[in-house]
Amino acid sequence: MWGGRFAEGPSAIMREINASIPFDKALWRQDIAASKAHVAMLGAQGIVSAEDAAAIAAGLDQVAAEYEAHGVPENWDLEDIHMTTESRLAELIGPAAGRLHTARSRNDQVATDFRLWVRDAIDQADAGLEALQVALVTRAGEHADSIMPGFTHLQTAQPVTLGHHLLAYFEMAARDRSRLADARARLNQCPLGSAALAGTGFPIDRQATAHALGFAEPTRNSLDAVSDRDFALDYLMAAAQIALHLSRLAEEFIIWASQPFGFVTLPDALSTGSSIMPQKKNPDAAELVRGHAGRIVGSLTSLMITMKGLPLAYSKDMQDDKPPVFEAAGLLTLCLAAMEGMVAGATFRTQRMRAAAELGYATATDLADWLVRQAGIPFREAHHITGAAVKLAESRGVALDALPLADLQAIDARIDERVFAALSVDASVASRASYGGTAPEQVRLRVAEARGALGLE
Ligand code: ARG
């Protein structure tokens, strides 16, 4: 394809280090689509004859059919998907194939193909997040009243509802989807026609190719267009953030599924057994979601470092943009599906959750709040009195509301029998009805809003 000025062919090492076909063959659909848009425009502008344009378009369809049926052949001499396709096109239709590359370079070609690929990856991630949101909001609706311990420092803090806990992840997914939408909007400009770096002297119609490929508009600076990979980084940043969220959710399931917690039974379909310990049911899928977050964040780091310090415009370093994006996208799809399945299929052991909430003095804050409200005691003093009550209950190994009134009154005489109504976990969660709080009535409101936003009603 470029042998005109060379006396010798490339060495074996050169061919191997240069070849991107082993991975960029994944771009074949995008490459064919962009070439078809390009040649249709060349024909419409009279840059190639209508006859050649038609022959090229038909030839590209045939190449696509071959790829679909037999896969993309991997010949390192042809370097990449662009040359592989053009070479096969030449075999099929003869010299007219050589007109396809008029007013185009592989630099704007690969930038266009890759944007198209990443745009699909964004849409796929968004669909995965939406499915996860549906699972979360469905389970949250079932468990708006189910009480569990809420934690800070992984120490029992205050009772919350399981529905509230699950909806926290709904919010993370909502932010993730908005990051993807931002990335998609910024990505959606077409580099095609920027040519090698400076634009072209041919009378091309960039609006036409941009619109044919579903882009909002052409890019505005040819140097930027061929050397920009922000769209891939935007996607990877969003993917990394999603992976962090999924790994936190996975970690919760791992902890909850452990025997001392026993808050959840994971679906068999997303667990594995042990080859030596017959009793085991391991949360491998959740552990791998937690682990894959490392690889996805690594992909982002990899591309950031590839792009760092590259002068304008295209440099071959940029060929290394694809493996990290492909890897992250594959892992992300799996992780989203695994966590959706886990949320949808988990059996929540609500009795054990409730018992744990009752055990850890989770209503101590409610006692302090009661002292403030009913006895007019300043919060700091109420905190101290409550600490003494917890200490006493702990020394006896009983819950706060199992302490006899006389013992509570010995700690502070202003306590009366009405306090017991505030010490149950049910009263505790019901009282936290501030906007966005854990009270079942609040959770039900948020579930209804979320279902409406997802179009579930
Ligand atoms: N395979 C190349 C890549 O992915 C295509 C662009 C090659 N451009 C060039 N000037 N050699 O980056």
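The model shown is predicted, which means the values in this text are computed figures rather than measured ones. Start at 1 and go down the list; that is how both ligands and their atoms are numbered. The figures here come from the full heavy-atom set of this structure, side chains too, leaving out hydrogens, waters and symmetry mates.
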Option with minimal heavy-atom separation from atom 5 (C) of ligand 1, where the choices are Asn18, Asp24, Asp80, Asp108: Asp80
Ser315 side chain to Asp317 main-chain N or O, any donor-acceptor pair under 3.5 Å? no
For ligand 1, which atoms have a heavy atom of Ser20 less than 4.0 angstrom away? 1 (N)
Please check this pair: side chain of Gln45 against backbone of Pro203, looking for a donor-acceptor N/O pair closer than 3.5 Å. yes
Give a yes or no on whether the backbone of Asp321 and the side-chain of Thr306 come within a donor-acceptor separation of less than 3.5 Å. no
Any atoms of ligand 1 less than 4.0 Å from a non-hydrogen atom of Tyr314? List them with their elements. 2 (C), 3 (C), 6 (C), 7 (C), 8 (N), 9 (C), 10 (N), 12 (O)
Salt bridge check: are Arg184 and Asp126 linked by an N-O gap of less than 4.0 Å? no
Do any N or O atoms from the side chain of Ser194 and from the backbone of Gly199 form a donor-acceptor pair under 3.5 angstrom? no
Number the atoms of ligand 1 from 1 as they appear, then name those within less than 4.0 Å of a heavy atom of Arg106, with their elements. 6 (C), 7 (C), 11 (N)
State whether the shortest distance between N or O atoms of His82 and N or O atoms of ligand 1 falls below 3.5 angstrom. no
Can you confirm whether the side chains of Thr200 and Arg104 place a donor and an acceptor under 3.5 Å from each other? no
Distance filter under 4.0 Å to Val110 heavy atoms, resulting ligand 1 atoms: 4 (O)
With a cut-off of 4.0 Å, which atoms of ligand 1 are near a heavy atom of Lys322? 3 (C), 4 (O), 12 (O)
Looking only at protein heavy atoms, what sits closest to atom 10 (N) of ligand 1 is Asn107 OD1, 3.0 Å
Please tell me if the side chains of His143 and Phe348 come closer than 4.5 Å, counting only heavy atoms from C-beta onward. yes
Near Gln319 (heavy-atom distance under 4.0 Å), the atoms of ligand 1 are 1 (N), 2 (C), 3 (C), 4 (O), 12 (O)
Of the backbone atoms (N, CA, C, O) and the side-chain heavy atoms from C-beta on, which set of Gln109 has a member under 4.0 Å from an atom of ligand 1: side chain, backbone, both, or neither? neither
